[in-house]
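I have placed the structure first, in the form of structure tokens, so that the comments after it can refer back to it.
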Protein chains: 2
Amino acid sequence: MSPEQATFRALADPTRRSILVMLRGRDLTISEVAENFDMTRAAVKKHLTVLSDGGLITVRASGRERINTLNPNGIDPVVDWLKFFDTFWDDRLSTLKTVIEKDKK
Amino acid sequence: MSPEQATFRALADPTRRSILVMLRGRDLTISEVAENFDMTRAAVKKHLTVLSDGGLITVRASGRERINTLNPNGIDPVVDWLKFFDTFWDDRLSTLKTVIEKDKK
DNA sequence: CTTTTATGAAACCATAAGGTATCATGTCAA
DNA sequence: TTGACATGATACCTTATGGTTTCATAAAAG
């Protein structure tokens, strides 16, 4: 699967988008993420795997825990794709992209 | 389904993203869109329905034809979500929100 | 009027996706 | 060492999704 497709796929599920919003505040272990949802840890773990495959999060081991972190570069494929529609979907997008690029440096 | 979810879902399929790129050039009928893919017209029509449900295109009748057009505002839910997501990188982006909101008017 | 042409709609199929349950493994704590 | 805890991995289930086929209908062409 292309990186672009993996990222769009990862964003397509509302649970996964919620997880990303959660990780915006601070890094979380799998169990911590799972506490916020009415589903099993196994299900949450699958979502985290999809997010990782899509490059939207990174995972590091800390003892027996797995700490999930938001990846700042993860949405690049999406922003790059949206860029193609600047002329149609307004220059709001190019503005967004410009600021994001600057912020990464 | 929420408008946001409908839009993210619509963008999750590579065929649908290709269709949007196609429509960037000019409006197309269902048959014209279908000519560009190795699948039946019925399958393409389903994709166009999903894109319409996601607010990314609009469809108007012209005789027996259905003309599909890119919707300039269709990407708004995604942009709005990305803005929220991007505050992870820098709170300075909050000023960007203001600029974007103003630009929409 | 008859024949194309463009689309709509429904049934059907195979696979992907989201979820659970269960068991195995590695690690922390007593 | 012995449990308890956090995660990994697999099998399995149900539904959604992407696709085809087939038939119906509306409009343009002759």
Side-chain angles (χ1 to χ4, degrees), chain A residues 1-23 26-71 77-78, chain B residues 1-23 26-70 78:
Chain A
M1 196 186 307
S2 73
E4 175 182 286
Q5 176 56 24
T7 305
F8 273 106
R9 181 205 168 202
L11 291 175
D13 184 89
T15 298
R16 288 194 288 267
R17 290 198 303 279
S18 291
I19 291 174
L20 292 176
V21 171
M22 256 174 236
L23 292 176
R26 66 183 183 88
D27 297 350
L28 296 172
T29 64
I30 297 177
S31 292
E32 287 174 331
V33 173
E35 287 171 6
N36 295 280
F37 295 98
D38 186 25
M39 66 179 74
T40 63
R41 273 196 316 278
V44 169
K45 202 268 185 180
K46 282 190 181 181
H47 282 304
L48 289 169
T49 299
V50 174
L51 286 169
S52 178
D53 290 346
L56 291 164
I57 67 171
T58 55
V59 187
R60 70 176 186 280
S62 175
R64 59 183 162 180
E65 297 182 332
R66 295 294 178 281
I67 302 180
N68 300 275
T69 307
L70 204 50
N71 176 24
V78 175
Chain B
M1 196 187 309
S2 73
E4 175 181 287
Q5 177 55 24
T7 306
F8 272 106
R9 182 207 167 199
L11 290 175
D13 184 88
T15 296
R16 289 194 287 269
R17 291 198 302 277
S18 291
I19 291 174
L20 292 175
V21 171
M22 264 175 228
L23 292 176
R26 66 184 183 88
D27 297 351
L28 296 172
T29 65
I30 298 177
S31 293
E32 286 174 331
V33 173
E35 288 171 5
N36 296 280
F37 294 98
D38 186 24
M39 65 180 74
T40 64
R41 186 190 48 72
V44 169
K45 201 268 184 181
K46 282 188 181 182
H47 283 304
L48 289 169
T49 298
V50 175
L51 286 170
S52 177
D53 290 345
L56 291 164
I57 67 172
T58 57
V59 186
R60 71 177 187 279
S62 175
R64 61 183 161 180
E65 297 182 331
R66 296 294 178 281
I67 302 180
N68 300 274
T69 308
L70 261 186
V78 174

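Predicted model only: the values in this text are computed from it and were never measured. We name chains A, B, ... by the order of the sequence lines, and we start the count at 1 in each one.
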- Message: Just the rounded figure in Å: distance from P of D:dA6 to CD of A:Glu35.
- Response: 9 Å

- How many angstroms lie between CG in A:Leu28 and CD in A:Glu65, if you round to the nearest 0.5 Å? 11.0 Å

- Query: Would you call B:Leu20 and B:Leu56 a side-chain contact if the rule is heavy atoms closer than 4.5 Å?
  - Reply: yes

- Query: To the nearest angstrom, how far is A:Leu48 atom CG from D:dA6 atom P?
  - Reply: 16 Å

- Item | Spacing of CG belonging to B:Asn68 relative to OG1 belonging to B:Thr29, to within rounding of 0.5 Å | 7.5 Å

- For B:Thr40, answer base if it contacts any base atom (sugar-phosphate contacts may also be present), sugar-phosphate if it contacts only those atoms, and nothing otherwise; contact means non-hydrogen atoms under 4.0 Å. base

- Message: If you define the side chain from C-beta out and look only at heavy atoms, does anything of B:Arg26 sit under 4.5 Å from B:Glu32?
- Response: yes

- Task: Could you check which residues of residues 59-69 of chain B get a heavy atom under 4.0 Å from DNA chain C? Sort them by number, please.
- Result: B:Arg64, B:Glu65, B:Arg66

- Task: Quickly work out the A:Ile30 CD1 to C:dG19 C1' distance and round it to whole Å.
- Result: 16 Å

- Note on the structure: Considering only heavy side-chain atoms of A:His47, the closest of D:dA6, D:dG18, C:dG18 is C:dG18

- Task: Calculate the interatomic distance between A:Ile19 atom CD1 and C:dG18 atom P; express it in whole Å.
- Result: 11 Å

- Message: Is any side-chain heavy atom of B:Asn36 closer than 4.5 Å to one of B:Val44?
- Response: no

- Query: Are the side chain of B:Gln5 and the backbone N or O of B:Ser2 linked by a donor-acceptor pair below 3.5 Å?
  - Reply: no

- What is the distance, rounded to the nearest whole Å, between atom NZ of A:Lys45 and atom C1' of D:dG8? 6 Å

- Message: Regarding A:Thr58 and A:Asn71, do their side chains bring together a donor and an acceptor under 3.5 Å, going by distance alone?
- Response: no

- Message: What's the separation between atom OG1 in A:Thr15 and atom CG in A:Leu48, rounded to the nearest 0.5 Å?
- Response: 11.0 Å

- Item | Strand-adjacent residues in residues 6-15 of chain A, judged by heavy atoms under 4.0 Å from DNA chain C | A:Arg9, A:Asp13

- Task: Could you check if a side-chain atom of A:Phe8 sits within less than 4.5 angstrom of a side-chain atom of B:Arg16, using non-hydrogen atoms only?
- Result: no

- Message: Measure CZ/A:Arg16 against C1'/C:dG19 and give the value in whole Å, please.
- Response: 12 Å

- Please test A:Asp53 against A:Arg9 for salt bridge (charged side-chain N to carboxylate O under 4.0 Å, His left out), starting from the C-alpha separation and ending with a verdict. CA-CA 10 Å; A:Asp53 290 346; A:Arg9 181 205 168 202; 5.1 Å; no

- In whole Å, what is the span from the CZ atom of B:Arg41 to the C1' atom of D:dA24? 12 Å

- If you find the nucleotide of DNA chain C closest to A:Met1 and the one closest to A:Ala42, which residue's nucleotide is nearer the 5' end? A:Met1

- Message: Taking the nucleotide of DNA chain C with the nearest heavy atom to each, does B:Lys46 or A:Asp38 sit closer to the 5' end?
- Response: B:Lys46

- Can you tell me how far the NZ atom of B:Lys45 sits from the OG1 atom of B:Thr40, to the nearest 0.5 Å? 12.0 Å

- Message: So for the helix from C:dC1-D:dG30 to C:dA30-D:dT1, with five pairs setting each end axis, what is the inter-axis angle to 10°?
- Response: 20°

